[in-house]
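Read the structure below first, then the notes.
For the numbers below, each heavy atom of this structure counts, side chains included, while hydrogens, waters and symmetry mates do not. Each chain gets a letter, A, B and so on, in the order its sequence line appears, and its residues count up from 1. None of these values were measured; they are calculated from a predicted model.
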Protein chains: 2
Amino acid sequence: MVVWPSTLAPSELDQLFRALADATRRDIVARLLSGETATVSALAARYDMSFAAVQKHVAVLEQAGLVSKVANGRERIVRGEPDRLARTREALSQLEDLWRSRISRLDEVLSEGEPPCPSPTSPPTPKR
Amino acid sequence: MVVWPSTLAPSELDQLFRALADATRRDIVARLLSGETATVSALAARYDMSFAAVQKHVAVLEQAGLVSKVANGRERIVRGEPDRLARTREALSQLEDLWRSRISRLDEVLSEGEPPCPSPTSPPTPKR
DNA sequence: GGGCCATACAACCATTTGGTTGTATATAGG
DNA sequence: CCTATATACAACCAAATGGTTGTATGGCCC
């Protein structure tokens with residue numbers, strides 16, 4: 001298994017966002033993170049669809065890493081993976097950071113009579 | 001238009017996560033938030049696909065509210081909507097909060113000889 | 001006006017998705 | 001051992017996705 005140093009690969013992000021783009025799957029994640037005891041069939045009982053459908057949803061979540069299954073006799077205990085969720089949120093934060101750093105760049109220019117850039121070597125950043 | 005008091009409806013979350021579940025679209029959002037001047041064709045020039053394909057991606061993003069277009073002569077200036085992105089991140093945070101509050105509930109029980117609540121019934125938690 | 005450029009949009013196609021039913025396998029329990 | 005339960009998985013289907021090309025529309029400029 002390739003270790004990705006805490007940054008998610010594009011295809012992983014695809015999977016994560018895809019997995020979260022379904023209300024049933026988000027609800028499953030919510031239940032699991034809330035600590036609901038969850039075999040696959042216990043989950044399936046909650047939704048108005050076939051067992052196989054819920055099973056597929058769980059598989060999608062598992063593929064994305066948002067959920068993991070551990071065998072326990074004939075049943076599988078499904079567990080939420082809050083870490084994966086946190087990393088997904090961080091990915092969104094990084095996107096937002098692009099915006100924030102752009103804004104602070106703009107602020108810098110707007111609030112300053114003599115912006116730091118025009119000179120060849122930037123002068124010792126004036127106040128602020 | 002129905003005003004949703006700062007909480008996203010399930011179908012909006014579907015759209016948002018769906019929109020983000022594609023690397024090209026995430027890249028478009030990233031460019032826009034970074035402040036890149038962006039008409040639809042300027043964006044299209046960046047990717048190895050037809051203009052119409054990029055146009056569709058922008059439409060998906062616009063539908064999700066992650067992007068907005070404003071007419072400027074014959075071109076449309078595409079703008080990122082950081083607020084929508086922030087709300088999406090908040091939705092993930094809320095999911096994580098379920099986990100966090102569960103954990104704090106567990107901690108409360110585990111780390112306390114006499115918790116504030118258990119009182120009338122429930123015997124003073126016998127360690128372990 | 002005429003032509004070019006940016007955009008929009010329809011039609012089409014292959015693949016994926018989200019659901020179904022049906023079947024197979026393994027484990028628990030009488 | 002036999003049966004019922006929990007899960008897995010294949011096959012099938014309708015609808016949505018992600019791409020294509022082609023055509024229409026509307027603004028810019030000569």
Rounding to a whole Å, what distance do you find between [X]:[atom1] and [N]:[atom2]?
{"X": "B:I77", "N": "C:dA6", "atom1": "CD1", "atom2": "P", "value": "12 Å"}
{"X": "A:E75", "N": "C:dG29", "atom1": "CD", "atom2": "P", "value": "10 Å"}
{"X": "B:N72", "N": "C:dC5", "atom1": "CG", "atom2": "P", "value": "18 Å"}
{"X": "B:M49", "N": "C:dA14", "atom1": "CE", "atom2": "P", "value": "20 Å"}
{"X": "A:D14", "N": "C:dT17", "atom1": "CG", "atom2": "P", "value": "10 Å"}
{"X": "B:F51", "N": "C:dA6", "atom1": "CZ", "atom2": "P", "value": "8 Å"}
{"X": "A:Q63", "N": "C:dG18", "atom1": "CD", "atom2": "P", "value": "13 Å"}
{"X": "A:L61", "N": "C:dT17", "atom1": "CG", "atom2": "P", "value": "13 Å"}

Does a nitrogen or oxygen in the side chain of [X] sit under 4.0 Å from OP1 or OP2 of [N]?
{"X": "B:K56", "N": "C:dC9", "answer": "no"}
{"X": "A:S50", "N": "C:dT20", "answer": "yes"}
{"X": "B:R18", "N": "C:dT16", "answer": "no"}
{"X": "B:Q55", "N": "C:dA8", "answer": "yes"}

Other residues, nucleotides, ligands: >12 heavy atoms within 6.0 Å of B:R100 CZ: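 Yes, CZ of B:R100 has more than 12 neighbouring heavy atoms, counting only those of other groups under 6.0 Å.
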Single-linkage hydrophobic cluster, 4.5 Å side-chain cutoff, B:L8 and B:F17 together: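 The answer is yes; both residues are in one hydrophobic cluster.
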Picking from D:dT20, C:dT7, C:dG18, which would you name as closest to the side chain of B:R76?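 Shortest atom-to-atom distance from the side chain points to C:dT7.
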Nearest-nucleotide pick for A:K69, side chain only, options being C:dG18, C:dT7, D:dA8: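 Selected nucleotide: D:dA8.
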Determine whether a donor-acceptor pair (N or O, by modelled atom type, separation under 3.5 Å) exists between the side chain of A:R26 and the backbone of B:P10.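 Yes; at least one donor-acceptor contact below 3.5 Å.
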I'd like to know if B:E12 and B:R84 make a salt bridge, using a cut-off of under 4.0 Å between side-chain N and carboxylate O.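 The answer is yes: the pair qualifies as a salt bridge.
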Go nucleotide by nucleotide along DNA chain D from the 5' end; which of B:A52 and A:T39 gets its closest nucleotide reached first?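 Taking each residue's closest nucleotide, the earlier one in sequence belongs to A:T39.
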So, under a plain 3.5 Å distance rule, would you say the side chain of A:R74 forms a donor-acceptor pair with the base of D:dT5?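 Such a pair exists between side chain and base.
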Would you name the heavy atoms of A:V54 and A:V40 that are closest together and state the gap between them?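 Heavy-atom minimum between the residues: CG1-O, 4.5 Å.
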